[in-house]
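Written below as structure tokens is the structure these notes are about.
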Amino acid sequence: MVARSSEVRPSAVRRSAVPGAGGRRGRGAGRLAGLGLGGAALLVLLTGCDVGATFDGFGWPQGGITPEAHRMYDLWIASCIAALAVGVFVWGLIFWCVVRYRKRGNELPVQTRYNMPMEFLYTIAPILIVSVLFYYTAIVQTGVDRTTRNPDVTVEVVAFKWNWQFNYRDGQGQDANTVASVLGTSEVIPILVLPTGRSIRFEETSRDVIHSFWVPELLFKRDVMPGNIRNVFEVSRIDTEGAFVGRCAELCGSYHAFMNFELRAVSPEKYDQFLAAKRDGRSTQEALMAIGEEPYAQTTRPFETRRTEANFNPDNAPAGAGS
Ligand SMILES: [Cu+2]
């Protein structure tokens, strides 16, 4: 594949320096191509295994609770394995060259310009790698962004400085009606109750600035825009019951960090009972207790904003009074 040192094997140098005289070179390129194909096959195989858990997700958060979260996680793990495979291959080549072609005398080594198989390989291989990564990214992204015509649950997410309102809707779009609502206050964290096993559509809108709706376990966040933009996304189902913290992920002002909520995933039966209780006019806390759930947030708590401490003129002394 690459010309050998003339000092060690002069005959080999002559053979490989002649263009097209490459039985050996052809075999080398074939071997490399085979290695690439083998690597790709290995990648597909490994993606099915739980390699991610062994390596702590390669830094990606684990514990996603939707099929979409798992698909994004798998894409990340596969991309990391591909990157590592390429890295190991390149590091191997570097070290091999360092050892094999180290300086042995003062004679200039044989130069190997215009090595067509090599040039072909390092042009085609990156294109192939990028194409495969692009293909799977496009597939996963399209899947995550997919919306359906009739999701089982539609919830309107209304963000404002600095809290959330969640409106349960009887249909899709701006013209649908709100049948029940959960509103957060400075004292009470809003709890977004949702069922497991059902498709859920989130329709986002903001009353003031750009916020971002983020539940880390969804492994997904989406900006909440003011004005006429209604950002929409769906999850095909939530797999796990439990309480999951939600946050605003867009710096939206002084109390941005306090803009928390909780996603409470419950069984479909409990969800139906919760919604019925809310429609009967009960408070969110009463409705949660009616279905045997904790009435207040478990994953976060209202923050003490310490507004009075931030007042540097607590005695309301007149300006310029001094001391
Ligand atoms: Cu915000």
Side-chain angles (χ1 to χ4, degrees), residues 59-61 63-66 68-69 72 141 144-145 147 151 153-169 172-174 176 178-194 200-235 238 242-265 274 278 283-285 287-288 294-312:
W60 187 273
I65 55 170
T66 60
E68 287 80 7
M72 288 184 278
Q141 182 178 303
V144 168
D145 273 341
T147 53
V153 175
T154 300
V155 61
E156 183 183 50
V157 174
V158 185
F160 57 93
K161 290 181 184 178
W162 284 277
N163 222 308
W164 302 89
Q165 180 169 8
F166 303 113
N167 297 325
Y168 296 90
R169 309 279 278 177
Q172 289 84 54
Q174 226 155 349
T178 296
V179 295
S181 190
V182 171
L183 175 64
T185 69
S186 300
E187 285 78 38
V188 180
I189 295 286
I191 299 180
L192 171 59
V193 180
L194 288 174
I200 300 155
R201 178 188 184 94
F202 298 85
E203 298 188 353
E204 302 177 337
T205 178
S206 167
R207 289 288 172 262
D208 35 49
V209 298
I210 302 173
H211 302 272
S212 183
F213 177 88
W214 182 38
V215 177
E217 277 76 9
L218 298 183
L219 297 189
F220 185 83
K221 60 186 174 186
R222 177 145 286 174
D223 279 1
V224 186
M225 314 290 278
N228 292 327
I229 302 165
R230 206 172 170 83
N231 263 351
V232 172
F233 73 95
E234 288 185 18
V235 295
I238 294 174
F244 308 97
V245 71
R247 304 184 190 281
C248 175
E250 181 71 51
L251 183 57
C252 56
S254 308
Y255 295 98
H256 153 72
F258 303 156
M259 236 181 113
N260 287 355
F261 62 96
E262 180 170 296
L263 165 64
R264 189 76 64 82
F274 171 83
K278 285 290 290 179
S283 73
T284 302
Q285 275 60 48
L288 279 165
E294 289 289 337
Y296 292 99
Q298 302 296 294
T299 55
T300 183
R301 58 187 170 75
F303 285 87
E304 172 54 65
T305 54
R306 300 194 295 273
R307 288 181 197 221
T308 48
E309 278 182 34
N311 183 354
F312 296 108

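In listed order, ligands and their atoms are each counted from 1. Bear in mind that the values here come from a model prediction, so they are computed numbers and not experimental data.
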Ser212 near the Cu ion (ligand 1): N/O/S under 2.8 Å: no
Arg230 atom CZ, over 12 foreign heavy atoms within 6.0 Å: yes
Angle subtended at the Cu ion (ligand 1) by SG of Cys248 and ND1 of His211, nearest 10°: 130°
Short N/O/S contact of His256 with the Cu ion (ligand 1) (below 2.8 Å): no
Angular separation of SG (Cys252) and SD (Met259) seen from the Cu ion (ligand 1), to 10°: 100°
Qualifying residue, where the test is side chain to side chain contact (heavy atoms under 4.5 Å, CB included) with Thr205 and the options are Glu156, His211, Met225, Gln174: Glu156
Distance flag, aromatic centroids of Tyr255 and Phe303, threshold under 6.0 Å: no
Thr154 and its side chain to side chain donor-acceptor pair (under 3.5 Å) partner, picked from Glu234, Gln172, Arg201: Gln172
